[in-house]
Amino acid sequence: MPEPVRKAWERSLTSGRAAMSRRRLLRLGSLATGGAALAACGIPPAAGSRGGNEPEDTPDHSKKERVLNFANWPLYIDVDDKNKKKRPTLDRFMRESGIKVKYVEDINDNNEFYGKIKPQLAAGQDTGRDLVCLTDWMAGRLIRQGWAQRLDPARMPNAVANLEDRFRTAAQDPGRQYSYPWAGIACVVAYNKKATGGKKVTSVSQLLEDESLKGKVSMLTEMTDTVGMTMLDLGIDPEKFDGDDFDRAVARIQKAVDGKQLRRFSGNDYIDELSSGDIAACLAWAGDVVQLKLDNPDIEFAIPESGYRFATDDLLVPAKARHRANAEELINYYYDPKVAAELTAWVNYICPVSGAKAEMEKIDKDLAEDPLIFPDARTAGRGKAFRPMSDKEQARYENKFAKLIGA
């Protein structure tokens with residue numbers, strides 16, 4: 001694998017979004033994580049794949065085997081506050097469906113997990129997982145390589161009917177034939193109003209150029225978020241950029257680095273520094289901001305007028321999985337608005353389910369009105385994805401970004 005890509009993966013695993021926030025860790029207690037097994041690029045399609053894994057390609061054993069192996073990220077499902085071993089929505093699904101779910105939190109990083117399942121997928125074998133949750137760009141990689149099974153919409157009426165319109169089109173999965181969002185992810189501007197002296201920080205331009213913030217600004221070690229947000233501020237569409245656009249964004253950030261405007265680049269560790277005021281303003285992930293605001297009333301956020309970086313974590317069924325219909329039943333269950341609201345009340349990320357906001361009002365009215373969880377139509381329309389990259393492009397861009405942040 002190209003060295004820049006390997007280093008980017010390591011950054012993601014050790015300090016990026018995969019590194020859970022302080023508050024989320026405290027809610028669940030201790031978290032055990034596994035080691036990394038990084039995967040090589042350029043893997044050929046799975047043996048016997050037709051490039052799409054139509055339903056008939058893999059025998060389904062769901063009727064006889066009422067089981068489901070579900071791999072997800074840590075702290076990404078609701079947990080009972082009194083008994084951490086109980087997961088209310090998932091436990092109810094098992095009771096109602098008769099399907100026994102083996103729920104494993106073994107996705108700590110997209111690339112690390114890809115390394116776990118790649119050998120079986122490349123050999124045309126079952127990975128032992130019937131349902132996985134991967135960030136959109138990695139979900140797209142599996143789909144392109146023929147390593148995902150096409151979903152049957154007839155078994156998922158809730159998902160078909162209740163998927164919000166803005167999630168129905170996705171560059172990595174046009175028409176949502178292979179994946180459905182578990183949650184949406186937004187990168188926004190956050191600031192500590194006590195540390196800024198009450199001054200609002202509402203744009204990337206302020207982060208990079210406002211003298212009053214000099215030395216008290218951080219940006220993220222995740223390339224797509226930091227460069228993507230800077231592109232938007234420059235009027236560049238991150239869904240359509242070229243090499244010159246990328247270089248313009250990097251050069252602008254480099255100027256702020258050289259001028260000591262930026263304190264540093266960080267992963268989730270920006271949370272404590274933002275709360276304490278050591279960092280006055282930064283780029284931040286919306287799910288963290290929602291949780292941090294509950295602990296610190298000085299924390300504020302802004303969705304820049306230029307737009308924000310948007311992504312999704314997507315559910316899909318790997319090639320050769322034995323229980324596709326059981327997985328479809330679970331996806332359908334979580335697209336019930338009431339269930340979706342229960343899940344979202346705990347994870348605090350953007351909810352992709354139409355009707356869930358009305359159900360959230362019965363649970364927590366403040367969360368129902370939070371634009372970081374339920375963006376209105378105008379806010380949702382300002383979210384921009386980072387366009388898919390070839391392996392060569394990714395290596396080239398990660399190399400430039402690594403030099404920028406000193407990685």
Side-chain angles (χ1 to χ4, degrees), residues 17 20-29 31 70 72-97 101 103 105 107 131 133 135 158-159 161-164 166-167 180-188 190 268 271 284-297 299-301 303 310-315 330-376 379-380 383:
R17 194 173 64 82
M20 294 294 121
S21 72
R22 171 187 56 82
R23 187 168 190 274
R24 296 181 80 190
L25 288 170
L26 289 175
R27 288 172 74 173
L28 193 61
L31 171 67
F70 183 7
N72 205 348
W73 298 75
L75 310 175
Y76 217 14
I77 197 168
D78 53 307
V79 173
D80 188 280
D81 289 335
K82 295 181 180 179
N83 186 341
K84 304 303 182 184
K85 294 182 179 181
K86 292 184 178 181
R87 303 181 178 98
T89 59
L90 188 61
D91 292 343
R92 190 165 65 247
F93 170 76
M94 289 191 281
R95 290 194 303 271
E96 294 178 357
S97 67
V101 180
Y103 185 85
E105 296 177 326
I107 304 178
L131 187 65
C133 183
T135 305
N158 287 340
N162 297 331
L163 178 64
E164 286 212 1
R166 67 182 182 276
F167 294 92
Y180 272 82
W182 179 252
I185 307 161
C187 180
V188 299
N268 271 111
I271 293 173
W285 289 301
D288 291 337
V289 177
V290 172
Q291 295 162 14
L292 188 55
K293 280 170 61 66
L294 296 175
D295 294 333
N296 188 338
I299 303 303
E300 298 289 349
F301 73 93
I303 299 174
F310 175 74
T312 56
D313 283 332
D314 294 341
L315 299 172
L330 183 138
I331 294 171
N332 188 65
Y333 169 80
Y334 276 99
Y335 269 79
D336 179 299
K338 182 178 179 180
V339 178
E342 291 181 64
L343 174 68
T344 303
W346 205 90
V347 302
N348 295 160
Y349 278 84
I350 297 173
C351 181
V353 180
S354 180
K357 181 176 181 179
E359 294 295 335
M360 182 67 82
E361 291 176 352
K362 304 173 186 177
I363 301 172
D364 188 319
K365 291 185 178 180
D366 289 338
L367 289 180
E369 296 303 318
D370 195 318
L372 297 183
I373 297 177
F374 295 101
D376 59 26
T379 301

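The analysis underlying the following values was restricted to heavy atoms, covering all of them including side chains, and did not include hydrogens, waters or symmetry mates.
Of the inter-residue distances, the one linking Phe310 atom CZ with Thr312 atom OG1 reads 6.0 Å to the nearest 0.5 angstrom. Between the NZ atom of Lys85 and the CG atom of Asp80 there is a distance of 13.0 Å, given to the nearest 0.5 Å. Atom CD in Glu369 sits 9.5 Å away from atom NZ in Lys365 (nearest 0.5 Å). Here the NZ-CG distance, from Lys293 to Asp295, works out to 11.5 Å after rounding to the nearest 0.5 Å. To the nearest 0.5 Å, atom CD1 of residue Ile350 and atom CD of residue Glu164 are 10.0 Å apart. If you take CD1 on Ile271 and CG on Leu292, they are separated by 6.5 Å, rounding to the nearest 0.5 Å.
For the 3.5 Å distance criterion, the side chains of Asn72 and Tyr103 qualify, holding a donor opposite an acceptor. Side-chain contact annotation: Asp313 with Tyr76, donor-acceptor N/O pair under 3.5 Å present. For the residue pair Ser354 and Asn162, no side-chain donor N or O sits within less than 3.5 Å of a side-chain acceptor on the partner. Using modelled atom types, one finds no donor on one side chain facing an acceptor on the other under 3.5 Å when comparing Tyr349 with Thr344.
Side-chain N or O atoms of Asn332 include one that pairs as donor or acceptor with a backbone N or O of Asn158 at under 3.5 Å. Asp364 contributes no side-chain N or O that, together with a main-chain N or O of Glu361, makes up a donor-acceptor pair within less than 3.5 Å. Although no hydrogens or angles enter the test, the distance criterion places no donor-acceptor pair under 3.5 Å between the side chain of Trp285 and the main chain of Ala186.
Of all heavy-atom pairs spanning Cys351 and Ala356, the tightest one is SG-CB, 3.6 Å. Residue Ile107 comes nearest to Cys133 through the heavy atom pair CD1-O, 3.2 Å, listed as atom of the first residue, atom of the second, then distance. In terms of heavy atoms, Val353 sits closest to Pro337 at CG1-CA, 4.0 Å. Scanning all heavy atoms of the two residues, the minimum distance from Pro181 to Leu163 falls at CD-CD1, 3.8 Å. For Ala183 against Pro352, the heavy-atom pair with the smallest separation is CA-CD, 4.3 Å.
Within the 4.5 Å cutoff, the side chain of Phe167 has no heavy atoms near those of the Asp314 side chain. Here the side chains of Met360 and Phe374 are in contact, with some heavy-atom distance below 4.5 Å. For the pair Leu343 and Val347, the minimum side-chain heavy-atom distance is below 4.5 Å.
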**Request:** Tell me, with the steps shown, if Leu90 and Asp78 meet side chain to side chain contact (heavy atoms under 4.5 Å, CB included).
**Result:** CA-CA 8 Å; Leu90 188 61; Asp78 53 307; 6.0 Å; no
**Asked** For Glu342 and Arg92, what are the C-alpha separation, side-chain angles and deciding distance, and is it a salt bridge (Lys or Arg N to Asp or Glu O under 4.0 Å)?
**Response** CA-CA 12 Å; Glu342 291 181 64; Arg92 190 165 65 247; 2.6 Å; yes
**Residue pair Ile77, Tyr334: steps toward the side chain to side chain contact (heavy atoms under 4.5 Å, CB included) verdict** = CA-CA 11 Å; Ile77 197 168; Tyr334 276 99; 3.5 Å; yes
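The aromatic rings of Tyr333 and Phe93 sit tilted relative to each other, their planes meeting at an angle between 30° and 60°.
Residues satisfying the salt bridge (charged side-chain N to carboxylate O under 4.0 Å, His left out) test with Lys357, not counting sequence neighbours, are none.
A ring-centre distance under 6.0 Å is found for Trp182 and Phe70.
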